[in-house]
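Computed from a predicted model, the values in this text were never measured in an experiment.
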Amino acid sequence: MSELLVPHYPQITGVHPPMDFPDYRSTALRHPTQPLQVLPQRLTEITGPLLGESRVGPTDHDLTVQHDGEPFGQRIIVRGRVLDTRGTPIPHTLIEIWQANASGRYRHIGDNWPAPLDPNFTGVGRTMTDAQGNYEFLTVKPGAYPWKNHDNAWRPAHIHFSLFGRAFTQRLVTQMYFPDDPLFSQDPIFNSVRDVAARERMIATFNLAETKPEWALAFDFDIVLRGPDASVFEEEDDDD
């Protein structure tokens with residue numbers, strides 16, 4: 001049996017945030033203190049379990065119809081493409097999102113700040129890219145929320161994105177922000193990405209042409225997996 005060759009993609013310096021960023025206080029406890037060790041991937045980790053269309057329900061991409069009533073807040077359409085280094089679309093990629101509701105509160109046992117929970121909003125969705133690498137979600141714009149990183153700390157409105165490759169072991173996580181958010185300047189997670197151009201790639205673009213009249217605003221957010229225009233990816237357990 002011939003040796004299994006696993007591709008290696010060098011990380012672009014300065015794009016991804018450092019694992020230890022003092023302004024983002026909890027990284028002091030979470031970042032590795034020993035050199036990272038590369039573990040070889042085996043055939044099982046690369047090929048299974050397989051992902052596919054059968055794992056996605058017909059309304060999983062629409063976070064506004066998952067309950068009996070409609071959620072509160074501004075409806076938004078989030079759409080874009082998943083691309084490789086050369087700008088080639090990546091088809092059949094599983095994308096999952098999670099977010100706070102319009103009041104800035106997650107449906108999570110650990111979120112107990114006094115903003116109302118919305119009984120008609122779970123804040124979780126998923127979809128597959130089509131043959132041209134396109135995806136689309138219908139949801140509501142998340143609200144800002146306070147956290148205790150520093151004095152009067154508030155997180156800008158954002159949506160978490162998780163992309164899977166051909167198996168659950170191949171996962172990338174990033175965040176999408178909204179244009180002109182007044183909280184960018186004081187958010188250490190956003191500013192842990194030191195490259196200005198890379199930070200800009202985490203901000204969606206408002207798209208008036210795709211906005212649905214009297215229904216929903218539209219935002220574009222392309223995700224590039226590698227190369228000089230790569231999106232910024234983070235640690236999987238970073239849920240802030």
Side-chain angles (χ1 to χ4, degrees), residues 6-12 15-16 41 45-66 75-99 123-142 158-179 193 195 197-212 215-236 238:
V6 179
H8 174 69
Y9 303 102
Q11 192 173 77
I12 304 299
V15 171
H16 302 286
Q41 297 189 62
E45 294 165 327
I46 297 173
T47 60
L50 296 176
L51 306 173
E53 301 282 351
S54 62
R55 296 180 180 273
V56 179
T59 61
D60 284 359
H61 71 290
D62 188 345
L63 283 68
T64 70
V65 298
Q66 297 173 350
R75 294 187 202 91
I76 59 172
I77 300 165
V78 179
R79 55 193 294 279
R81 297 178 299 164
V82 178
L83 306 168
D84 71 5
T85 308
R86 299 180 295 276
T88 304
I90 307 295
H92 314 306
T93 296
L94 176 63
I95 303 178
E96 295 180 335
I97 63 170
W98 66 97
Q99 63 169 96
V124 176
R126 59 181 175 179
T127 191
M128 301 283 293
T129 58
D130 64 15
Q132 288 74 46
N134 298 302
Y135 75 87
E136 182 173 298
F137 289 99
L138 181 60
T139 181
V140 298
K141 185 175 181 181
H158 61 279
I159 297 176
H160 298 266
F161 276 70
S162 167
L163 282 73
F164 288 92
R166 295 184 179 277
F168 283 108
T169 57
Q170 302 167 350
R171 187 187 187 208
L172 296 171
V173 178
T174 188
Q175 297 185 26
M176 185 199 93
Y177 297 86
F178 292 85
V193 179
D195 184 280
R199 279 205 301 270
E200 293 295 322
R201 293 199 291 273
M202 296 192 294
I203 304 173
T205 303
F206 174 62
N207 188 334
L208 182 61
E210 293 297 328
T211 290
K212 305 298 182 184
W215 182 251
L217 300 176
F219 293 88
D220 291 342
F221 185 62
D222 288 346
I223 300 172
V224 181
L225 300 184
R226 292 183 296 272
D229 297 323
S231 300
V232 178
F233 298 110
E234 61 190 49
E235 294 298 296
E236 293 183 11
D238 188 347

Without hydrogens or angle criteria, can the side chains of Thr139 and Gln99 be said to hold a donor-acceptor pair below 3.5 Å?
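Result is yes, a qualifying pair exists.
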Is there a donor in the side chain of Ser162 and an acceptor in the side chain of Arg171, or the other way round, less than 3.5 Å apart?
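Note: Ser162 and Arg171 side chains meet the donor-acceptor criterion.
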Do the ring planes of Phe161 and Phe221 sit parallel (below 30°), tilted (30 to 60°) or perpendicular (above 60°)?
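The arrangement is tilted - the two ring planes meet at 30° to 60°.
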What is the ring orientation for His158 with His160, classed by angle as parallel under 30°, tilted 30 to 60°, or perpendicular over 60°?
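Perpendicular: the ring planes of His158 and His160 meet at over 60°.
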Go through the structure and list residues passing side-chain hydrogen bond (donor to acceptor under 3.5 Å, both in side chains) with Arg199, not counting sequence neighbours.
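Scan of Arg199 (side-chain hydrogen bond (donor to acceptor under 3.5 Å, both in side chains), adjacent residues dropped) gives none.
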Determine whether Phe219 and Ile76 satisfy the following criterion, side chain to side chain contact (heavy atoms under 4.5 Å, CB included), listing intermediate values before the conclusion.
CA-CA 7 Å; Phe219 293 88; Ile76 59 172; 3.8 Å; yes
Shortest non-hydrogen contact from [X] to [Y]?
{"X": "Pro91", "Y": "Ala131", "result": "CB-O, 3.6 Å"}
{"X": "Val56", "Y": "Arg126", "result": "CG1-O, 3.8 Å"}
{"X": "Pro179", "Y": "Ala204", "result": "CG-O, 3.1 Å"}
{"X": "Phe206", "Y": "Ala218", "result": "CD1-O, 3.3 Å"}

With side chain to side chain contact (heavy atoms under 4.5 Å, CB included) as the criterion, how do Val82 and Ile95 come out once you've worked through the C-alpha distance, each side chain's angles and the decisive distance to 0.1 Å?
CA-CA 9 Å; Val82 178; Ile95 303 178; 3.7 Å; yes
Heavy-atom side-chain proximity of Ile159 to Pro142 below 4.5 angstrom:
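Touching, per the 4.5 Å side-chain cut-off.
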Leu63 vs Ile97 side-chain heavy atoms within contact, under 4.5 Å
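Leu63 vs Ile97: side chains touch.
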What distance separates [X] [atom1] from [Y] [atom2], expressed to the nearest 0.5 Å?
{"X": "Thr174", "Y": "His16", "atom1": "OG1", "atom2": "NE2", "result": "9.0 Å"}
{"X": "Asp130", "Y": "Thr127", "atom1": "CG", "atom2": "OG1", "result": "9.0 Å"}
{"X": "Phe137", "Y": "Asp62", "atom1": "CZ", "atom2": "CG", "result": "10.5 Å"}
{"X": "Trp98", "Y": "Glu96", "atom1": "CH2", "atom2": "CD", "result": "8.0 Å"}
{"X": "Arg81", "Y": "Asp222", "atom1": "CZ", "atom2": "CG", "result": "5.0 Å"}
{"X": "Glu200", "Y": "Asp195", "atom1": "CD", "atom2": "CG", "result": "10.0 Å"}

Report the C-alpha separation of Leu217 and Ile77 in whole Å, then their side-chain angles, then the decisive distance to 0.1 Å, and conclude whether the side chain to side chain contact (heavy atoms under 4.5 Å, CB included) test is met.
CA-CA 6 Å; Leu217 300 176; Ile77 300 165; over 6 Å; no
Please evaluate residues Arg79 and Asn134 with respect to the criterion side chain to side chain contact (heavy atoms under 4.5 Å, CB included), reporting the C-alpha separation (whole Å), side-chain torsions for both, the decisive distance (0.1 Å), and the verdict.
CA-CA 7 Å; Arg79 55 193 294 279; Asn134 298 302; over 6 Å; no
Return yes if some donor-acceptor pair links the side-chain N/O of Thr129 with the main-chain N/O of Tyr135 below 3.5 Å, else return no.
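Pair absent, no side-chain N/O of Thr129 close to backbone of Tyr135.
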Using the side chain to side chain contact (heavy atoms under 4.5 Å, CB included) definition, which of the options Leu172, Thr85, Thr93 pairs with Leu225?
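The passing option is Leu172.
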